[in-house]
Amino acid sequence: MNSTTSLPLHLGGITPISALHPDIFQSHILALLDGPSLASLACVSSQLHALSTHDILWFNICSSTWPSLNHPRLQQIISTFPSGHRSFFSDSFPFPDLQPLKLDVNSCTLPTELIFAVDVYYQNQIIYSKVEELDTSSSWFLCSPFRVDLLDPKDSASTPVRYLGGSQDEAWLQHLEGNLSLSWIVINPTRKKAVNVSSRRAVSVQRHWLTGDVQVRFGTVTAGDEGRGSSRELVECGVVVTCCGKEGGEMHVREVCMVMEDMEGKGLNGKDSLVILEGVIEQGRRKGGEGNEGKVKFEEFQERKRGRKEENQRKERVLDLVCITVGVVGFVSFWSAILFK
């Protein structure tokens with residue numbers, strides 16, 4: 001007579017989680033999950049929460065999601081976050097929520113240093129990665145237009161992507177819009193907080209009018225530091241990835257830069273940009289990190305910019321008309337006084 005070994009019969013013959021060794025459960029099940037799935041699983045029970053909060057799991061998720069985090073200094077900084085890599089993922093994966101900033105501009109302490117962890121992907125494969133450390137304490141930075149350039153003007157980064165154009169140009173630009181993605185994480189090492197200010201997916205792709213280089217734009221629209229109706233009611237944090245190359249050859253990344261603009265298209269200076277970024281980091285509100293919401297918000301922002309520009313032009317025309325009228329009336333009154341004196 002053959003004998004068989006049966007598993008414990010709990011929950012209708014299903015082996016309970018408690019019957020599995022924690023190391024086996026973590027290495028064979030939890031290690032296969034992505035960040036959102038692991039975070040959702042941690043909410044199911046206290047036992048799963050305890051198993052899902054081990055830092056090695058979140059270290060692997062963060063490192064595979066953002067290769068730039070393998071930088072030694074970033075690893076040291078992330079280890080000081082309240083829950084290590086789990087806190088960093090919670091800060092950096094979702095989109096910032098578009099809510100009015102609750103930040104006292106006059107009393108807030110601006111960061112003296114920011115670190116940017118940037119990763120560019122093509123079809124979800126990394127093609128460019130950079131960590132940039134920025135001293136934000138100098139008076140020159142605070143007063144100058146805010147702009148972060150990751151590449152020197154004479155440098156470029158080669159990629160395994162084939163560069164197309166010519167008769168295929170329109171299809172090529174659409175292809176880049178759908179397959180190129182970017183993550184730009186802003187880290188405040190002092191406050192041990194971070195935020196991802198990229199739209200992930202491109203919001204627009206076009207060729208530069210002069211050089212012909214391809215400019216892929218990513219952008220996040222956030223609440224500004226001024227009230228409703230002002231030029232800084234909303235602010236766009238825009239990142240432009242400029243690509244170049246010869247048709248049929250490899251594509252090069254020639255420029256990766258970030259700027260911040262208000263609703264009139266004016267660039268913010270360093271101090272104003274720090275206030276906005278600090279408000280977004282401190283606010284803590286986040287929304288899901290998937291979908292095409294970034295492009296929708298960008299298009300709404302551009303529409304409001306156009307509306308604001310048209311309104312300003314209308315006001316200028318009215319003002320010009322008033323000035324002309326006043327001038328004509330004054331001219332007529334002057335000569336009337338002379339002629340009938």
Side-chain angles (χ1 to χ4, degrees), residues 33-37 61-70 89 92-96 116-132 148-151 155-186 195-209 211-221 236-259 287-302:
L33 301 178
D34 60 14
S37 300
I61 288 173
C62 288
S63 298
S64 60
T65 305
W66 304 295
S68 59
L69 299 188
N70 292 313
F89 186 89
S92 305
F93 183 78
F95 288 106
F116 306 107
V118 183
D119 297 287
V120 183
Y121 310 84
Y122 175 75
Q123 295 182 340
N124 297 323
Q125 300 297 315
I126 191 73
I127 61 172
Y128 177 77
S129 188
K130 179 74 179 288
V131 173
E132 184 79 7
V148 181
D149 287 288
L150 300 187
L151 286 166
D155 293 340
S156 65
S158 61
T159 72
V161 182
R162 184 185 175 195
Y163 190 88
L164 299 177
S167 60
Q168 307 177 68
D169 191 61
E170 184 175 351
W172 165 242
L173 296 181
Q174 292 178 351
H175 176 80
L176 281 182
E177 182 174 353
N179 290 276
L180 209 64
S181 57
L182 175 137
S183 168
W184 188 299
I185 301 176
V186 181
V195 66
N196 200 325
V197 296
S198 172
S199 56
R200 313 314 199 264
R201 298 181 182 275
V203 296
S204 70
V205 179
Q206 61 185 12
R207 286 195 178 274
H208 190 274
W209 67 274
T211 64
D213 293 342
V214 177
Q215 294 184 315
V216 186
R217 189 177 187 89
F218 303 84
T220 295
V221 178
E236 181 203 359
C237 180
V239 178
V240 175
V241 178
T242 303
C243 305
C244 61
K246 295 182 178 180
E247 186 175 354
E250 67 179 17
M251 184 178 77
H252 290 254
V253 175
R254 192 174 65 81
E255 182 182 72
V256 182
C257 69
M258 180 175 76
V259 296
K287 294 193 292 186
E290 298 294 339
N292 203 29
E293 182 180 355
K295 185 172 183 178
V296 174
K297 294 296 183 184
F298 173 79
E299 291 174 346
E300 291 176 353
F301 180 75
Q302 294 299 315

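- Here Lys297 does not pair with Glu299 in a salt bridge; the nearest charged N to carboxylate O distance is not below 4.0 Å.
- The CG atom of Asp213 sits 8.0 Å away from atom NE2 of His208, with the distance rounded to the nearest 0.5 Å.
- For the atom pair CG (Leu180) and CD1 (Ile127), the distance works out to 5.0 Å, reported to the nearest 0.5 Å.
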Stepwise ring pair (Phe, Tyr, Trp, His ring centres under 6.0 Å) check, Trp184 with Phe218: CA-CA 10 Å; Trp184 188 299; Phe218 303 84; over 10 Å; no
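- Side-chain atoms of Ser183 and Asp119 form no donor-acceptor pair, as typed in the model, at a separation below 3.5 Å.
- With respect to Val239, the side chain to side chain contact (heavy atoms under 4.5 Å, CB included) criterion is satisfied by exactly one of Val120, Thr220, Leu150, Leu182: Leu182.
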Ring pair (Phe, Tyr, Trp, His ring centres under 6.0 Å) evaluation trace for Tyr128 with His252: CA-CA 10 Å; Tyr128 177 77; His252 290 254; over 10 Å; no
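- A distance of 12.0 Å separates OG of Ser156 from CD of Glu255, quoted to the nearest 0.5 Å.
- Aromatic ring orientation, Trp172 versus Tyr163: perpendicular (interplanar angle above 60°, classes split at 30° and 60°).
- Results of the side chain to side chain contact (heavy atoms under 4.5 Å, CB included) test with Val186 over Val118, Val148, Val195, Asn196 single out Val195 as the only residue that passes.
- Looking only at distances, no side-chain donor or acceptor of Ser37 sits under 3.5 Å from a matching main-chain atom of Leu33.
- A donor-acceptor pair under 3.5 Å is formed between the side chain of Arg200 and the backbone N or O of Ser198.
- For the atom pair NZ (Lys295) and CD (Glu300), the distance works out to 13.0 Å, reported to the nearest 0.5 Å.
- A salt bridge between Arg217 and Glu177 is absent, with no side-chain N of the basic residue lying under 4.0 Å from a carboxylate O of the acidic one.
- Between Phe298 atom CZ and Ser199 atom OG the span is 8.5 Å, to the nearest 0.5 Å.
- Within 6.0 Å of atom CZ in Arg207, more than 12 heavy atoms from other residues, nucleotides or ligands are found, so the atom counts as buried in its surroundings.
- Closest of all the heavy-atom pairs between Ile61 and Thr65 is O-OG1, 2.7 Å.
- Scanning all heavy atoms of the two residues, the minimum distance from Leu176 to Met251 falls at CD2-SD, 4.3 Å.
- A donor-acceptor distance shorter than 3.5 angstrom exists from the side chain of Asn70 to the backbone of Pro67, with no hydrogens or angles considered.
- Ring centers of Tyr121 and Trp66: at least 6.0 Å apart, outside the cut-off.
- In terms of modelled atom types and a separation under 3.5 Å, the side chain of Asp155 and the main chain of Leu151 share no donor-acceptor contact.
- Closest non-hydrogen pair, Thr242 versus Gln215, comes out as OG1-CG, 4.0 Å.
- Considering all non-hydrogen atoms of both residues, Val131 and Ser68 come closest at CG2-O, 3.4 Å.
- Under the 3.5 Å distance criterion, the side-chain polar atoms of Ser92 are left unmatched by any main-chain donor or acceptor of Phe89.
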Evaluation steps, side-chain contact (heavy atoms from CB on, under 4.5 Å), between Phe116 and Met258: CA-CA 10 Å; Phe116 306 107; Met258 180 175 76; 3.9 Å; yes
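- Gln168 CD to Glu247 CD: the interatomic distance, rounded to the nearest 0.5 Å, is 7.0 Å.
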side-chain contact (heavy atoms from CB on, under 4.5 Å) between Val240 and Val216, intermediate numbers included: CA-CA 6 Å; Val240 175; Val216 186; over 6 Å; no
